[in-house]
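Some notes on the structure that comes next.
All residue numbers refer to positions in the sequence shown, counting from 1. On a predicted model such as this, the values are computed, not experimentally measured, just so you know.
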Amino acid sequence: MLTPRILAALLVLLAPAEAALAWGPEGHRMVGDIATRLLNPKANAEVLDLLGNDRLADGQLSGRRTLGEIAYWADEIKDTDWGKRRGPWHYDDVPLCGTRTYEDYCRNGRCASAQLIRHIGILADEGANRRRRNEALKWIVHLVGDIHQPLHAGNRGDRGGNRVQVSFFGERDNPPYGSINLHAIWDVHMVRRLISERGGERAIVSAPLSEGGRGAWEKGSIPDWIGESHRIAGDVVYPLLPVPSACSKKIAGVVAIDQAYYSRAALVIEIQIRKAGVRLARVLNDALGR
């Protein structure tokens, strides 16, 4: 059952904000692994229990036992009929140009913020069906990562950068998805380059967190965190492009992304992944660790 303390935590998460895939398997895995480091003992025990009989989309036992291992599940099932119907759950299409109400872009709760809040409620309810709570845990781990990818919280009329064609250090191929676009380099290509430069995922996951830094990142609500990602999309993702990016101009042709753009974007990506891990731990500690 939902306790008063859990309900209070959920009310904080529901507080209003001030004013495709997200991350590849590497980014989502790092978010889950960072969160695992920060779980309190009770939440960690609950997670291990809920993953004890974890299943793949086809119903077979997955053998997965960590948050990092389940973090990409919601993208693995995206091409099934069941997963396709849940495609809008992965983002909040907050416009970067013009205005659109929450009710418009999250109609019937079909957006990341609404589904994240709904699944936190299911996870926190000890009386809920175990299979539903297991599935809720997997959605939460994934969606917390999703909302920290800026192009899952901002849309410039280009499907979150999917219609902006780019080359990445001269490369254009993006198998098996065709050619590289702006969304893809934020999801995967810059993340992989960052991991290589930092000496592997473990270096990012294990980087020390000060108590003050962790405390600052834990603050706020889900809408606040989406608002933060939205501002990054508007202040970093598009303005740093080596072409005009005003709302009045369509970004045409193939935009060349090189070291100048990557160097500044990579810093943002690492911080967003680390923030997502800290905030995921906070959500799970609130829901399971009290």
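In this structure, the separation between CD on Glu201 and CD on Glu26 is 6.0 Å, given to the nearest 0.5 Å. Atom CG of Asp187 and atom CG of Asn162 lie 8.0 Å apart (nearest 0.5 Å). Expressed to the nearest 0.5 Å, how far SG of Cys111 lies from CD of Glu103 amounts to 10.0 Å. Between atom CG of residue Asn134 and atom CG of residue Asn53 there is a gap of 8.0 Å, rounded to the nearest 0.5 Å. The distance from the CD1 atom of Ile251 to the CG atom of Leu182 is 7.0 Å, given to the nearest 0.5 Å. Here the straight-line distance linking atom CG of Asp146 with atom CG of Leu151 works out to 12.0 Å at 0.5 Å rounding.
The hydrophobic clustering, which links ILVMFWY residues whose side-chain heavy atoms are closer than 4.5 Å, places Val141 and Ile77 together. In the hydrophobic cluster analysis, where Ile, Leu, Val, Met, Phe, Trp and Tyr join through side-chain heavy atoms closer than 4.5 angstrom, Leu61 is grouped apart from Leu51. Taken together through direct or relayed side-chain contacts under 4.5 Å among Ile, Leu, Val, Met, Phe, Trp and Tyr, Val254 and Leu241 form parts of separate hydrophobic clusters. A continuous path of Ile, Leu, Val, Met, Phe, Trp and Tyr side chains, each step under 4.5 Å between heavy atoms, connects Val243 with Leu240, placing both in one hydrophobic cluster.
Arg110 places a side-chain N or O within 3.5 Å of a backbone atom of Arg85 that can act as its donor or acceptor partner. Proximity of a side-chain donor or acceptor of Asp224 to a complementary backbone N or O of Ser221 within less than 3.5 Å is detected. The backbone N or O of Val94 lies less than 3.5 Å from no partner atom in the side chain of Asp92, so there is not a single donor-acceptor pair. Under the 3.5 Å distance criterion, the side-chain polar atoms of Arg264 are left unmatched by any main-chain donor or acceptor of Ala260. A side-chain donor-acceptor contact under 3.5 Å links Asn155 to the backbone of Arg159. Side chain of Gln272 to backbone of His148: a donor-acceptor contact under 3.5 angstrom is found. With hydrogens and angles disregarded, no donor-acceptor distance shorter than 3.5 Å links the side chain of Asp54 to the backbone of Arg64. Looking only at distances, no side-chain donor or acceptor of His119 sits under 3.5 Å from a matching main-chain atom of Ile140. With hydrogens and angles disregarded, a donor-acceptor distance shorter than 3.5 Å links the side chain of Arg156 to the backbone of Ala246. A distance-only check finds a donor-acceptor pair linking the side chain of Ser229 to the backbone of Ile147 [under 3.5 Å].
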Review point. Passes side chain to side chain contact (heavy atoms under 4.5 Å, CB included), His189 versus Glu171? Steps please.
Key: CA-CA 10 Å; His189 299 273; Glu171 292 293 325; over 6 Å; no
**Study point:** Criterion ring-ring contact (aromatic ring centres under 6.0 Å, His included) on His142 and His28, from CA distance to verdict
**Key:** CA-CA 7 Å; His142 188 86; His28 278 292; 3.9 Å; yes
Review point. Is there a side chain to side chain contact (heavy atoms under 4.5 Å, CB included) between Leu209 and Leu38 once you walk through the steps?
Key: CA-CA 10 Å; Leu209 286 164; Leu38 304 175; 4.0 Å; yes
Exercise for review: Any chance you could lay out the side chain to side chain contact (heavy atoms under 4.5 Å, CB included) test for Ile122 and Arg118, step after step, and finish with the verdict?
Suggested key: CA-CA 7 Å; Ile122 294 170; Arg118 183 172 78 86; 3.8 Å; yes
Practice item. Under the side chain to side chain contact (heavy atoms under 4.5 Å, CB included) rule, what do Val283 and Leu116 come out as? Steps first, then yes or no, please. Key: CA-CA 10 Å; Val283 166; Leu116 187 46; 5.7 Å; no
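Between Ile120 and Ile222 there is a side-chain heavy-atom pair separated by less than 4.5 Å. Using a 4.5 Å heavy-atom threshold, the side chains of Val255 and Val166 count as touching. Using a 4.5 Å heavy-atom cutoff, the side chains of Leu123 and Leu50 are in contact. In this structure, the side chains of Leu96 and Val237 stay at 4.5 Å or more apart for every pair of heavy atoms. Under the 4.5 Å side-chain criterion, counting only non-hydrogen atoms from C-beta, Arg133 is in contact with Leu288. Side-chain atoms of Lys275 and Glu228, non-hydrogen and from C-beta on, do get closer than 4.5 Å to each other.
Applying the side-chain hydrogen bond (donor to acceptor under 3.5 Å, both in side chains) test to Trp186 and every residue at least two apart in sequence or in another chain returns Tyr261. Residues passing the salt bridge (Lys or Arg N to Asp or Glu O under 4.0 Å) test with Lys42 are Glu46, sequence neighbours excluded.
Within a 6.0 Å radius of CD in Glu211, no more than 12 heavy atoms belonging to other residues, nucleotides or ligands are found. Within a 6.0 Å radius of CZ in Arg131, other residues, nucleotides and ligands contribute 12 heavy atoms or fewer.
Ile180 approaches Gln165 most closely through the heavy-atom pair O-OE1, 3.3 Å. Residue Arg130 comes nearest to Gly52 through the heavy atom pair NH2-N, 4.3 Å, listed as atom of the first residue, atom of the second, then distance. Closest of all the heavy-atom pairs between Ser167 and Ala256 is OG-CA, 3.4 Å. When every heavy atom of Cys106 is checked against every heavy atom of Ala114, the shortest pair comes out as SG-CB, 3.7 Å. When every heavy atom of Ala266 is checked against every heavy atom of Leu194, the shortest pair comes out as O-CD2, 4.0 Å. Across all their heavy atoms, Ala207 and Arg198 have their closest contact at CB-NH2, 4.5 Å.
Between Tyr91 and His152, the two ring planes are perpendicular [angle over 60°; tilted spans 30° to 60°]. The aromatic rings of Trp73 and Trp139 lie perpendicular to each other, with more than 60° between the two planes, well past the 30° mark.
At a threshold of 4.0 Å, the pair Glu69-Arg65 does not count as salt-bridged, since none of the basic side-chain nitrogens sits closer than that to a carboxylate oxygen. Using a cut-off of 4.0 Å between Lys/Arg side-chain N and Asp/Glu carboxylate O, Glu197 and Arg193 are scored as salt-bridged. Taking the charged nitrogens against the carboxylate oxygens, Glu76 and Lys138 have no contact shorter than 4.0 Å, which rules out a salt bridge. Looking at Asp33 and Arg37, no side-chain N of the basic residue comes within less than 4.0 Å of a carboxylate O on the acidic one, giving no salt bridge. A salt bridge is absent between Asp125 and Arg132; no separation between the charged side-chain nitrogens and carboxylate oxygens falls under 4.0 Å. Salt-bridge check for Arg290 with Asp286: passed, with a basic side-chain N closer than 4.0 Å to an acidic carboxylate O.
With Ile185 as reference, Phe168 is the one residue of Tyr262, Phe169, Phe168 to meet the side chain to side chain contact (heavy atoms under 4.5 Å, CB included) rule.
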